[in-house]
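Here is the naming used below: chain letters follow the sequence lines, and residue numbers restart at 1 for every chain.
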There are 2 protein chains.
Amino acid sequence: MNIDATDMEVRAHAEHHASLRLWLRLLSCTTRIEDTIRQRLREQFGITLPRFDLMAQLEREPQGLSMSELSRRMMVTGGNVTSIVDQLEKEQLVQRQMQASDRRSFTVSLTEAGRTAFAAMAQAHEGWVVELLAPLAANQQEHLQALLGTLKSGTPTHSKETK
Amino acid sequence: MNIDATDMEVRAHAEHHASLRLWLRLLSCTTRIEDTIRQRLREQFGITLPRFDLMAQLEREPQGLSMSELSRRMMVTGGNVTSIVDQLEKEQLVQRQMQASDRRSFTVSLTEAGRTAFAAMAQAHEGWVVELLAPLAANQQEHLQALLGTLKSGTPTHSKETK
DNA sequence: TATTGTTATACTCTATAACTATA
DNA sequence: TATAGTTATAGAGTATAACAATA
């Protein structure tokens, strides 16, 4: 637009546009997969994604987690964790256990039924993920993993010329 | 687990696990960026992501879109589009216009104020995206775009050995 | 009859804030 | 005082289904 636009500015505009297109594609790919998984979890197991995620957190920590730790890991506020745990407890998939050391707190863990149910769901879930990522060959998946690692860590492997 | 497990099965298990890790990383990267954008849109412009998305759809189609077309493009049901358009119309950012050809339908488009407001939001939005993707150099972003294109299209560039 | 859009309802997730019990 | 967790409230987004007007 500017008559004084330099090559660098032109290039910067083009790169900005490319970043925006990349973000829209990243978002649409992820959303499409997530929606598919969400729908299948609901249809086949009658469970929502946040509940599945909470159970997955507990599955990784057999000794259980406190409400506040769950809140931190799931990045949602405490009140929400309470309601999700309430629902899962009603279905006897998780249990609250008193802690002798601190009577304000307690430990949430999977019940035996919860472990069994989660195992079936996790197996199906993994199958869906494999299926939905199948358009990418194994070496492409590795490459994608590496690129996303760079994006996540915030550590560029190549320095950028533009400030 | 199985005593008869062949090398292929072992490899398949390893690849399945890698796919799952890739999916979790894809999800966390995307969610992190999306949450940041959502939060900034709310704080700086008092708008939600679905409303921003609807305005973005309209910005691309100056002649406007019908409710059903908006519903299709945003992949949400008609009732939801009605409520989002209602809110934006109340803020005078979009307008409903009668269509002579079909009196059941009408055209939704950005108002002048809506175009102005959207321009400011879109510019900020693009800047955030550039910032959040900055850990990746330009050539890495191109690579990521290509890989996601393969994932999206469902057309593997390499055939897979496993059925 | 089919389609366009609205309305009503219900549910989940979310954040905020006030609250209780314990440390 | 501070912390762990709960409760209450409000709001957004979503799907479903019944509905009115028009084609």
Legend entry - B:D53 and B:R73: CA distance, side-chain angles, deciding distance, salt bridge (Lys or Arg N to Asp or Glu O under 4.0 Å) verdict: CA-CA 10 Å; B:D53 287 343; B:R73 295 197 187 193; over 6 Å; no
Inset, instruction - Compute whether any side-chain donor of one residue and acceptor of the other, for A:Q141 and B:S19, lie under 3.5 angstrom apart. - result: yes
Legend entry - Atom pair distance, as rounded to whole Å: CG in B:D86 and C1' in C:dT7: 10 Å
Legend entry - Separation of C:dT14 C1' from B:L41 CG (nearest whole Å): 17 Å
Expected rows: protein N/O vs nucleotides 18-23 of chain D N/O, under 3.5 Å:
{"unit_1": "D:dT22", "atom_1": "O2", "unit_2": "B:R104", "atom_2": "NH1", "d": "3.4"}
{"unit_1": "D:dA23", "atom_1": "OP1", "unit_2": "B:R103", "atom_2": "N", "d": "3.0"}

Legend entry - Shortest non-hydrogen contact between B:I84 and B:L54, atoms and distance: CG2-CD1, 3.7 Å
Inset, instruction - Compare every heavy atom of A:V81 with every heavy atom of A:M67, then report the nearest pair and how far apart it is. - result: CE-CG1, 3.6 Å
Inset, instruction - Answer yes or no: does atom CD of B:Q123 have more than 12 heavy-atom neighbours from other residues, nucleotides or ligands under 6.0 Å? - result: no
Return the polar atom pairs (N/O with N/O) between nucleotides 15-20 of chain C and the protein under 3.5 Å, or none.
{"unit_1": "C:dA15", "atom_1": "OP2", "unit_2": "A:T77", "atom_2": "N", "d": "3.2"}
{"unit_1": "C:dA15", "atom_1": "OP2", "unit_2": "A:T77", "atom_2": "OG1", "d": "3.3"}
{"unit_1": "C:dA15", "atom_1": "OP2", "unit_2": "A:N80", "atom_2": "ND2", "d": "3.1"}
{"unit_1": "C:dA15", "atom_1": "N7", "unit_2": "A:N80", "atom_2": "OD1", "d": "3.4"}

Legend entry - Distance test, side-chain N/O of B:T82 to OP1/OP2 of C:dG5, below 4.0 Å: no
Inset, instruction - Indicate, with a heavy-atom threshold strictly under 4.0 Å, whether A:R38 touches base, sugar-phosphate, or nothing. - result: nothing
Inset, instruction - Please name the pair of heavy atoms, one in B:Q99 and one in B:F106, separated by the smallest distance, quoted to 0.1 Å. - result: CG-CA, 4.1 Å
Inset, instruction - Check whether more than 12 heavy atoms from other residues, nucleotides or ligands sit under 6.0 Å from atom CD of B:E131, and answer yes or no. - result: yes
Inset, instruction - Tell me whether the OP1 or OP2 atom of D:dG13 has a side-chain N or O from B:T48 closer than 4.0 Å. - result: yes
Legend entry - Protein-nucleotide distance (A:R51, atom CZ; C:dC11, atom P), rounded to Å: 12 Å
Inset, instruction - Calculate the interatomic distance between B:D53 atom CG and D:dT14 atom C1'; express it in whole Å. - result: 15 Å
Legend entry - side-chain N/O A:S66 vs D:dA4 OP1/OP2, d < 4.0 Å: no
Legend entry - B:M67 vs A:I84, nearer the 5' end of DNA chain C by closest nucleotide: B:M67
Legend entry - Distance in angstrom units between A:L49 CG and D:dG13 C1', rounded: 15 Å
Legend entry - Check ion pair B:R40-B:E43 (N to O, under 4.0 angstrom): no
Inset, instruction - State whether A:E112 and A:R115 are salt-bridged, where the test is any N-O pair (Lys NZ or Arg NE/NH1/NH2 against Asp/Glu carboxylate O) under 4.0 Å. - result: yes
Legend entry - Under 4.0 angstrom between A:S83 side-chain N/O and C:dC13 OP1 or OP2: no
Inset, instruction - Check the distance between D:dG5's P and A:L54's CG and give it to me in whole angstrom. - result: 13 Å
Legend entry - A:E69 CD - D:dT3 P separation (whole Å): 16 Å
Inset, instruction - In whole angstrom, give the distance that lies between atom CD of B:Q97 and atom P of C:dG5. - result: 14 Å
